[in-house]
Each structure stands twice: as structure tokens, then as C-alpha cells.
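Working notes for the structure below.
All heavy atoms count here, side chains included; hydrogens, waters and symmetry mates do not.
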Amino acid sequence: MATEKLIIGDTEINRAIAMAKSGETPDGKIFIFTDEKFTNLRLQVQAKTASWIVRWKSSSVTIGYAWPAKKRHITAPSTVRKLADTVLDLMKDDPDKVKSYLDAHFAGQSKSEALKAAHKTADTWTLRECVEQTIDGKTAPDAKHKIGANTVKDYRGTFSRDVFQKVLDKPAVLVTRGDIESVRDHVKKHVGASPAIKIITYTRAVLDYCARNHAGQSGLDKVDAWWHFLNAPFEIKPRNRRPEIEAIVATMLLAEEYLTKPLPGRAQGVNGTNPGTLAGLWWLVLTCQRAAAGMSLLAHDVVTDPDSNEFLLAAWAEDVMKAGQAHVLPIPDRAWAMINSFREKGRHAGSQEWAFPSERKKDAHATASGVYRILYRLAGRDALIQEAKVERKGKKVPERTERRDLLKEAGIDWWSLHDLRRSLTKVLDDNGIPGGATVILAHDIHEKSELAVTASEREREDFQKLRTARITKMAYGGAQYIALKKEAMRIWTDAVLDEYDRQKSEKAATLEAAE
DNA sequence: TCTGACACCCGTCGGTGGTG
DNA sequence: CACCACCGACGGGTGTCAGA
């Protein structure tokens, strides 16, 4: 083995690099330069690498490479000696700390930061432990800023990503901005912007929580709060799909047409839509409520308005609405008649429980998902066939043939339930009542009335009467802006229903002309 | 005309990604 | 941070058809 003892300088480094590049040393064995200036340092060439090694007593540690130039690349003699000096001290102190120190050093931390980090490795939390502690702390019954089950689900989803695992096992004090940013970028590239933003948001939340509440155990008191600078340099463009009333109504007429016939290409003569589900779609079109909340309307919470012949009142309890606020909406008679014309033809029409009972399940309400599927099928977005579970036994089976986008064929751009809310806002703005949309959409209502019902309450003979009284009181008192809501609801529903009447008679005229 | 087998269809469930 | 949209997967109910 060739060993040269001298002061390692650029000449030696270049020779070592040349050897490593070719993979050949003069005698084919390991080639070593030992440094006369810093006795514990050596530059060792073996195969295709030239490594910087610090030796002390019987142990040696690689602190970097002169070649290859990929990771931990160091070629300046002074830099190497400085690093070697620190590492040697650490080796004498506690050899176990060297690795973490080098991790921190090459992650770009300053000497003092990296040293602090190194001294903390054994007894401070990993990032994973910080996550767990944060979730535990924020879900405790007496937590100050509690998080809900959905948010816990969000945390778990975010931190369970594969690319995150390695970083999570690092001690939190050693995690760097670069670590988190590379996870963020990977997720952005392979998943999407929203999950990538969550990486940043939740990492920041976790480190903040631990630094604030468990600084000692997490070790985060020894580190600058670099996570405050974490950022996601992109944003999600807000959607701006806004179907015109004409398109909405054309879609509704199309859906209505398929109440009595199968959709194109279907192998069986099953009607494309069912009245109960269509009633749900009409309900959402005419009220523009959030789909899930809108469909969970209880049957007894639609009441006649004692103060008006032209409206009904619909009410949602606070636990159904976003932000936990009760909501009352006046429904113009004309609109309710439209909805009801389909509603009363539903399979479970007249349900005591739900205003919009499911077509399928007894005792359940029609779901937003089911309503949405009407649009989904009309656009031909549903899968062509399910995979056959059993081998066909030569029997001729009806086959589904084509998938057509009926909306496109009718010149309608794809729209979905949430888009209705933008259409409503536009129509009301155009009609000079910009506040109308806000009150209908329940963006900013503060109402504390109790609408929860107990079973025994419902047993009472005069329940419906009492219920009506309570909803009315809520509608007219307090912060429900009932007059504004009435005006806004009338403008919107009239606009939709006028267009419906227009298109319907136009259609009838076309049919007549064809005969 | 009846019956049973089969696979189809609509609406539901639940997970993932997006939104305000 | 708490909701929403979207969509794959699936199941109960049912139309279809061959054969009795």
C-alpha cells in the first residue's frame, strides 16, 4: 500500500482526483496521503472515490470526498482541516455525535448550529415524535386551540407520504429547511399544489407547537425558528367556472328527459334519472346551498311562512351548516312547486324524516354525491362497464355500447354543484343586491338559536306547530336578514324558472313543428 | 308464460385532492 | 382549519334472455 506523508495541498488533491477518476492507483492498491499539518487527517483513494478521513485512535470517520463531486464534496485544504478539527474534537468527546454533526454541517447549518444539533441527538424528539405530540396536544379535551377529526385526518395524510418518512425519522433539531422543501417539491411535482402547501403548513404548525410548548424535549430551543421562513411559492388558482342560467336550465331539461328513458348506449331499459334525485338537483339549483348540507334538510324543517302566502321557510340546524351556524332560507312558492313536482314522485316520497329521501335506501336522505352523479352521467363521465365477476357461459348478454357527452352535444360546458354559487352571486350583483348572495349562501350569519330536536319532542302532537313557530321566530328575529333573503331568492329562482318556461315552450314548439 | 341466472345501472361509500 | 368536489369501487335491485 502506497502512503505518502506530506502537507496535503492542491497538487495532492489533484493527483487523488485523477486517480479516482480513472479508478486506478499506481500499484492498484489503496493510495493514501497523510497530512503533516493536521496529523489525524488523510486523503484516501480507493476505486473511484477519494475520501477525506479523520482518524483518532482506533476509529476513523469519512468527513467528505474530493471525488466524486456529487455529495459532501470538499476540495479546499483549509476547509477540510477546519472541519476535521471540529470532528476530531467530537470524536474525542462522543463518537456517536459525529454523524449527526456531519449531517447538520452538510445540510448547510453553521458550525455552532450543527454542534448544538449534534449534542442533542440522543435525547430530543424526532420530527415524527413532534408530529405525534402535536396531534396529541391539539386534540386533548382541554386544548386551547383544538383541532377537529378532519384536521387530524389531514395531518396524518400529509405526514404519511412516502417521501416524508426519511425526514420524519431525523431528530427535529437536525431537520433543515432544505429537507422540507424537497418533500414539498416532490409532492408538488407528483401529487399537486394543495397537498404540497399542506406539507409546509403542517410542518410549520408542528414545529411551532413543539418549540412553543415542548422546547426542551424537542430540542427546538437550541435552533433558530427556520420553519417560519418555510413557504410554498405557488397558489391554487381559484376556480371560476360559472354556468349561465341558460346552460343550467338546459341541463335540467336534459335530466328531466331521461326520467322516462335510458341514457344512450345503456344495455338495459333503466331510466337515466329518478324523480327523487332530480328533485334534489332542482333543490340545489334553486337554493344554491352547499350540496351536502343542502341535502340534509329534515322534513319537518320546511314550514309554511305564517307571514306570507308566497314563501315557505327552510331551516338547517347549526351542526349541519359550515361553521356551525343555523340558517333559515325563504323558498318562493313557485320554486317549491317546481321542486315538489319531482319530489312527490320519488320512491320514498312523504318521508317523515327527510325532505329529500333517498331513492335507494330507506331512512336515508338523497346524497350530494347521488345528485352530482346525474350531471356526471349526462356528461358521459361514468365508467362504461363494471368488470364481470364470473366468466360468461356463452350466454348472450346485453352490452352497453357507447358513452356520449350529452352536455357537450347540447353545447353546454361542464358545470358542477358548487359552480351554482358563483352564478347566483353574478345574477344578484347584476340585479343590484350584492348582499343577497352572501345571506343566501350563509357566508356570514351569526345565529345562536337552538334547532336541535329530541326524539320525545318530536312525539308531541303539536310538534309541527311549535317547530313552525320556532323557525319563524328565528327567521324574523335576529341576524337572519329575512327580507333581503326573500328578495334575493325571488330574483334568482324567477330567473331560473322563467328560463325553464321559455326553453320548455320552445322545445314544445319545435316538436310540434316536426310533426 | 314462467323462472332463474346474469350482469347491468344508479346511487352510496369512502379516499384523495382542492377550496375559501 | 374545516369544509367541498371529484371519482373509483361496489352493492341492492332489476331488466333481459334462454330454456322449461
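Applying the side-chain contact (heavy atoms from CB on, under 4.5 Å) rule to A:Arg128 yields the partners A:Thr126, A:Gln165, A:Leu168, A:Asp169; only residues at least two apart in sequence or on another chain are considered. A:Arg156 pairs by the side-chain contact (heavy atoms from CB on, under 4.5 Å) definition with A:Glu132, A:Ile135, A:Val152, not counting sequence neighbours.
Distances shown here put every side-chain N or O of A:Arg347 at or beyond 4.0 Å from the OP1 or OP2 atom of C:dG13. Proximity of A:Tyr202 to the phosphate of C:dC1: no side-chain N or O atom is located under 4.0 Å from OP1 or OP2. Between B:dG11 and A:Asn274, a contact under 4.0 Å exists linking OP1 or OP2 to a side-chain N or O. Listed pair A:Tyr372 / C:dC6 meets the phosphate criterion, a side-chain N or O lying under 4.0 Å from OP1 or OP2. Considering only side-chain N and O atoms, A:Tyr376 lies under 4.0 angstrom from the phosphate OP1 or OP2 of C:dG8. Using a 4.0 Å cut-off, no side-chain N or O of A:Arg377 falls inside it from OP1 or OP2 of B:dC9.
A:Ala291 comes within 4.0 angstrom of the backbone, heavy atoms only, and of no base. Among the atoms of the strands shown, none is found under 4.0 Å from any heavy atom of A:Thr273. Contacts of A:Thr201 with the nucleic acid, taken as non-hydrogen atoms under 4.0 Å apart, are absent.
No hydrogens or angles were tested; on distance alone, nothing pairs the side chain of A:Ser369 with the base of C:dC6 as donor and acceptor under 3.5 Å. Not a single donor-acceptor contact under 3.5 angstrom links the side-chain atoms of A:Thr367 to the base of B:dC13.
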Filtered N/O pairs between nucleotides 15-17 of chain B and protein, under 3.5 Å:
| from | atom 1 | to | atom 2 | distance (Å) |
| --- | --- | --- | --- | --- |
| B:dG17 | OP2 | A:Arg161 | NH2 | 3.2 |

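Rounded to a whole Å, the CH2 atom of A:Trp354 is 12 Å from the P atom of B:dT12. Going from atom NE2 of A:His348 over to atom C1' of C:dG12 covers 12 Å, rounded to whole Å.
Where A:Arg373 and A:Val270 each meet DNA chain C at their nearest nucleotide, the meeting point lying more 5' is that of A:Arg373.
Listed nucleotides: C:dC1, B:dG11, C:dA5. Nearest to the side chain of A:Thr277: B:dG11. The side chain of A:Arg360 has B:dC10 as its nearest neighbour among B:dC10, C:dC7, C:dC1. If you check C:dC7, B:dG11, B:dG20 against the side chain of A:His418, the one that comes closest is B:dG20.
The side chain to side chain donor-acceptor pair (under 3.5 Å) test with A:Gln503 is passed by exactly one of A:Glu506, A:Lys507, A:Glu499: A:Glu499.
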